[in-house]
**Q** 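After the structure tokens below, expect a handful of questions from me.
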Amino acid sequence: VQLQASGGGLVQAGGSLRLSCAASEPSFKITAMGWFRQLPGKEREFVAAIRWAGGEEYYADSVEGRFTISRDSTNNTIYLQMNSLQREDSAIYYCACRPVKGRAIAITLSRAYDFWGQGTQVTVSS
């Protein structure tokens with residue numbers, strides 16, 4: 001599975017960005033997709049995830065109420081709408097995909113995912 005992420009950029013604090021991630025595999029081969037972020041020298045941290053079949057959404061406490069994850073099953077794409085951005089949200093954002101035969105691990109954990117996108121930089125200025 002190849003994942004193509006886009007939509008990052010530079011935005012002022014309080015602003016919004018929308019990230020997109022398109023998967024090369026058809027929807028019936030996906031069980032979940034998620035977004036993680038990482039700062040230099042730090043571990044990758046969970047941001048949001050969505051189950052493909054039922055659409056259940058999961059969020060990190062730090063982004064709950066500000067970020068929204070969604071999916072377009074027709075185009076095998078997920079989105080991350082980020083509102084009220086803060087400087088602390090600055091990071092490289094990675095999308096990830098868990099296929100049908102993926103590990104039975106909570107989708108809030110990075111090791112639940114087999115495939116990762118290339119990352120897109122989000123920078124929030126004060």
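Each residue takes its place number in the sequence, starting with 1. Below, each value reflects all heavy atoms present in this structure, side chains not excepted, and no hydrogens, waters or symmetry copies. The structure presented is a predicted model; accordingly, all values stated were derived computationally and were not measured.
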**Q** What are the two closest heavy atoms between L39 and S90, and how far apart are they?
**A** CD2-O, 3.0 Å

**Q** Distance from Y93 atom OH to Q121 atom CD, nearest 0.5 Å?
**A**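 Here the interatomic distance stands at 9.5 Å.
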
**Q** Kindly determine whether Q86 and S84 satisfy side chain to side chain contact (heavy atoms under 4.5 Å, CB included), including the steps that lead there.
**A** CA-CA 6 Å; Q86 305 166 359; S84 302; 5.8 Å; no

**Q** Does the side chain of R66 come under 3.5 Å of the side chain of Y59 through a donor N or O and an acceptor N or O?
**A**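 Note: R66 and Y59 side chains miss the donor-acceptor criterion.
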
**Q** Is it the case that one hydrophobic cluster holds both V63 and Y58, taking links as side-chain heavy atoms less than 4.5 Å apart, direct or via other members?
**A**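 Shared cluster, no.
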
**Q** Say whether T77 and D72, considering side chains only, have a donor N or O and an acceptor N or O under 3.5 Å apart.
**A**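 Their side chains do not contain a donor-acceptor pair, so the 3.5 Å distance test is not met.
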
**Q** Would you confirm whether S24, through its side chain, and Q2, through its main-chain N or O, come within 3.5 Å as a donor-acceptor pair?
**A** yes

**Q** Taking all atoms of both residues into account, what is the closest heavy-atom pair of W52 and I78, and its distance?
**A**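 Looks like CZ3-CG2, 3.4 Å.
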
**Q** Under the 6.0 Å and 45° cation-pi test, does R44 pair with W116?
**A** yes

**Q** Please round to the nearest 0.5 Å and tell me the distance separating atom CD1 of I69 and atom CH2 of W35.
**A**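 The CH2 atom of W35 is 8.0 Å from CD1 of I69, to the nearest 0.5 Å.
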
**Q** When you measure from the side chain of R18 to the backbone of Y79, do you find a donor-acceptor pair of N or O atoms at a distance under 3.5 Å?
**A**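 No: the side chain of R18 does not pair with the backbone of Y79.
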
**Q** CG/L3 to OH/Y113 distance, rounded to the nearest 0.5 angstrom?
**A** 11.0 Å

**Q** How far does SG of C21 sit from CE of M33, to the nearest 0.5 angstrom?
**A** 4.0 Å

**Q** Tell me if a side-chain donor or acceptor on T31 pairs with a main-chain N or O of P99 at a distance below 3.5 Å.
**A**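 Checked: pair present.
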
**Q** Could you check V47 against L80 for side chain to side chain contact (heavy atoms under 4.5 Å, CB included), going step by step and ending with a plain yes or no?
**A** CA-CA 9 Å; V47 176; L80 186 68; 4.1 Å; yes

**Q** Would you kindly confirm whether I107 and I30 end up in one hydrophobic cluster when ILVMFWY residues are joined by side chain heavy atoms under 4.5 Å apart?
**A**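 In one cluster: no.
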
**Q** Does the side chain of M82 reach to within under 4.5 Å of the side chain of L19, using non-hydrogen atoms?
**A**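 They are in contact (side-chain heavy atoms under 4.5 Å apart), so the answer is yes.
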
**Q** Which distance, rounded to the nearest 0.5 Å, do you find between the CG of D114 and the CZ of R98?
**A**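 Answer rounded to 0.5 Å: 9.0 Å.
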
**Q** Show the numbers, then the answer: is there a side chain to side chain contact (heavy atoms under 4.5 Å, CB included) between T120 and I92?
**A** CA-CA 5 Å; T120 184; I92 298 176; over 6 Å; no

**Q** Against the six-membered ring of Y94, is R37 placed for a cation-pi contact (under 6.0 Å from the centre, within 45° of the normal)?
**A**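 No, R37 and Y94 do not form such a contact.
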
**Q** A side-chain contact here means heavy atoms from C-beta on lying under 4.5 Å apart; do P40 and K42 qualify?
**A** no

**Q** When rounded to the nearest 0.5 angstrom, what distance separates CG in L17 from CG in N83?
**A** 9.5 Å

**Q** If you compare all heavy atoms of S126 against all heavy atoms of R87, which two are closest, and at what distance to 0.1 Å?
**A**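 Where S126 meets R87 most closely, the heavy atoms are CB-CD, 3.5 Å.
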
**Q** Determine the interplanar angle of the F46 and F36 rings, folded into 0 to 90°, and report it as parallel if under 30°, tilted if 30 to 60°, perpendicular if over 60°.
**A** perpendicular

**Q** Could you walk me through whether Q81 and S70 pass the side chain to side chain contact (heavy atoms under 4.5 Å, CB included) test, one step at a time?
**A** CA-CA 8 Å; Q81 178 65 44; S70 61; over 6 Å; no

